[in-house]
2 protein chains.
Amino acid sequence: MPDSKTPSANPLFLREEELRQGIELLFFAYRDFTAEPDEMLAQYGFGRAHHRVIYFVGRNPRLPVSDLLAILKITKQSLSRVLSQLVQEGFVVQRPGTRDRRQRLLELTEKGEELERRLTENQRARFARAYRAAGADAVEGFRKVMLGLINAEDRRRFGSFEGPRAPEPARGQQEV
Amino acid sequence: MPDSKTPSANPLFLREEELRQGIELLFFAYRDFTAEPDEMLAQYGFGRAHHRVIYFVGRNPRLPVSDLLAILKITKQSLSRVLSQLVQEGFVVQRPGTRDRRQRLLELTEKGEELERRLTENQRARFARAYRAAGADAVEGFRKVMLGLINAEDRRRFGSFEGPRAPEPARGQQEV
DNA sequence: GGAAATATGTCAACATGGCTGACGTAAAAA
DNA sequence: TTTTTACGTCAGCCATGTTGACATATTTCC
């Protein structure tokens, strides 16, 4: 009978521990990563959902609504609530697409860009600290593991590394 | 004037891109990491908050309520709602502490452990795939970066590596 | 031994942000 | 010209976070 008190003698225990640690790292990292931006957003009467819209619109100017929905994986009704607010309060503008005039391409206003900068600066600084403390090789490892956690459909959003061919039922998602 | 169209000539652009990629990796990974457990939980009429309680109680049997609150960083009223449900429906039991009889130490029941296994198995499998595809060195790098993202107070929950001394106002958090 | 602090819980009210279902309009595609 | 697509809106439901006030049992401190 294997002795569960001596983990080094039991590779299965190690593996279990290693995997649970991954789960917990992700929980704590996400919790702390979002806490400070959440506080800033509250000053504007906004929440995390607003942040996500501002971030991805800032990152992809002239983003069609359908692409934003594919990124967020929420319903258009849920998006509508926060997006209308952002448009009404002058953080985001919608412009009809030229190729397809049904589209309403999303862009940040100057005001929106300013808020985006404030929010992203916080998260960027957190990553900069973490990357610097961990070193370049660690960053490459981080990228690889994170890509492996993401469903295959969305890995192409990032660079080269493909990640595992996971047993996930492909759901036919679009690209940005 | 530097040419922003040739990123390799502009280390600041590279850095910005690298950091934004980190931000996005975290968003997509968390989104996909929680999606399948969320579906399972819905079958029980539970949500992500229930999952977190089940996970951390399973991980730390005889966990005091105060410690759970320190992990989740939510109010006791918020916790109360989901915890009472879990107790009433027989997934969690509360037992008075022996050293301090004001405490109600939390434990999973057999039923609770079963649900915990189902949920964690999914997330464990996702990590196992990602770790396997990325390799052992990458996993070590992943750990380092993730630890650096987590506020200093909670890094001690994990093993050796300390991470950056960040300019964060220490808020005096307890340990599990 | 009595007062204060601590661990936990509860009620009430409110906000955010998911969801579904139903329906509407303009533009593109067949 | 019909159908499909992109987008939007209204209404209502649920989960999960918040604050504030208050209650109880137990421990700790003077």
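Both backbone and side-chain heavy atoms feed into the values below; hydrogens, waters and symmetry mates do not. Keep in mind that what you see is a predicted model, and the values were worked out from it rather than measured. In what follows, chains carry the letters A, B, and so on, assigned in the order in which the sequence lines appear, proteins first and then strands, with residues in each chain numbered from 1.
Contact between the side-chain N/O atoms of B/S80 and the OP1/OP2 oxygens of C/dG9 is not found at any separation under 4.0 Å. OP1 or OP2 of C/dG17 has not a single side-chain nitrogen or oxygen of A/S78 nearer than 4.0 Å. Taking only side-chain nitrogens and oxygens, A/Q103 never comes nearer than 4.0 Å to OP1 or OP2 of D/dT5. When the side-chain nitrogen and oxygen atoms of B/S66 are compared with OP1 and OP2 of C/dT8, one or more of them lie within a distance under 4.0 Å.
Between B/L105 atom CG and D/dT26 atom P the separation is 14 Å, expressed in whole Å. The CD1 atom of A/I74 sits 12 Å away from the C1' atom of C/dT16 (whole-angstrom rounding). As rounded to whole Å, 14 Å separates atom P of C/dG18 from atom NE2 of A/H51. Computed from coordinates, the B/L86 CG to C/dG9 P distance equals 13 Å when rounded to whole Å. Taking atom CG of residue B/D67 and atom C1' of nucleotide C/dA7, one finds them 11 Å apart after rounding to whole Å. Atom pair B/R81:CZ and C/dT8:C1' shows a separation of 17 Å (rounding to whole Å applied). For A/L69 and D/dT5, the CG to P distance is 16 Å, given to the nearest whole Å. For the pair B/D38 CG and D/dC14 P, the interatomic distance rounds to 18 Å; values are reported in whole Å.
Under a 4.0 Å N-O distance rule, the pair A/E17/B/R59 qualifies as a salt bridge.
Pairs passing the ring pair (Phe, Tyr, Trp, His ring centres under 6.0 Å) check and including a residue from residues 100-121 of chain B, sequence neighbours excluded, do not occur. For residues 78-88 of chain A, there are no salt bridge (charged side-chain N to carboxylate O under 4.0 Å, His left out) pairs, not counting sequence neighbours.
In terms of the side chain to side chain donor-acceptor pair (under 3.5 Å) criterion, residue partners of B/R102 (sequence neighbours excluded) are, by chain and number, B/D100. In terms of the side chain to side chain contact (heavy atoms under 4.5 Å, CB included) criterion, residue partners of A/Q85 (sequence neighbours excluded) are, by chain and number, A/F46, A/H50, A/E89.
Using a 4.0 Å heavy-atom criterion, one finds that B/Q85 contacts no nucleic acid atom at all.
The neighbour count for A/E114 CD, taken as heavy atoms of other residues, nucleotides or ligands under 6.0 Å away, does not exceed 12.
Side chains of A/L149 and B/D32 form no contact here, defined as non-hydrogen atoms less than 4.5 Å apart.
Each end of the helix from C/dG1-D/dC30 to C/dA30-D/dT1 gets its own axis from five base pairs, and the two axes differ in direction by 30°, given to 10 degrees.
Comparing B/R104 and A/H50, the nucleotide of DNA chain C nearest to each residue sits closer to the 5' end for B/R104.
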(request) Give the B/S/- string for nucleotides 22-30 of chain C, one per nucleotide from 5' to 3', where a protein heavy atom under 4.0 Å of the base yields B, of only the sugar-phosphate yields S, and otherwise -. (result) B----BS--

(request) Given side-chain contact (heavy atoms from CB on, under 4.5 Å), test A/Q123 with B/L19 step by step and report yes or no. (result) CA-CA 9 Å; A/Q123 300 193 318; B/L19 295 174; over 6 Å; no

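In this model, no donor atom of one side chain and acceptor atom of the other lie less than 3.5 Å apart for B/Y131 and B/R126.
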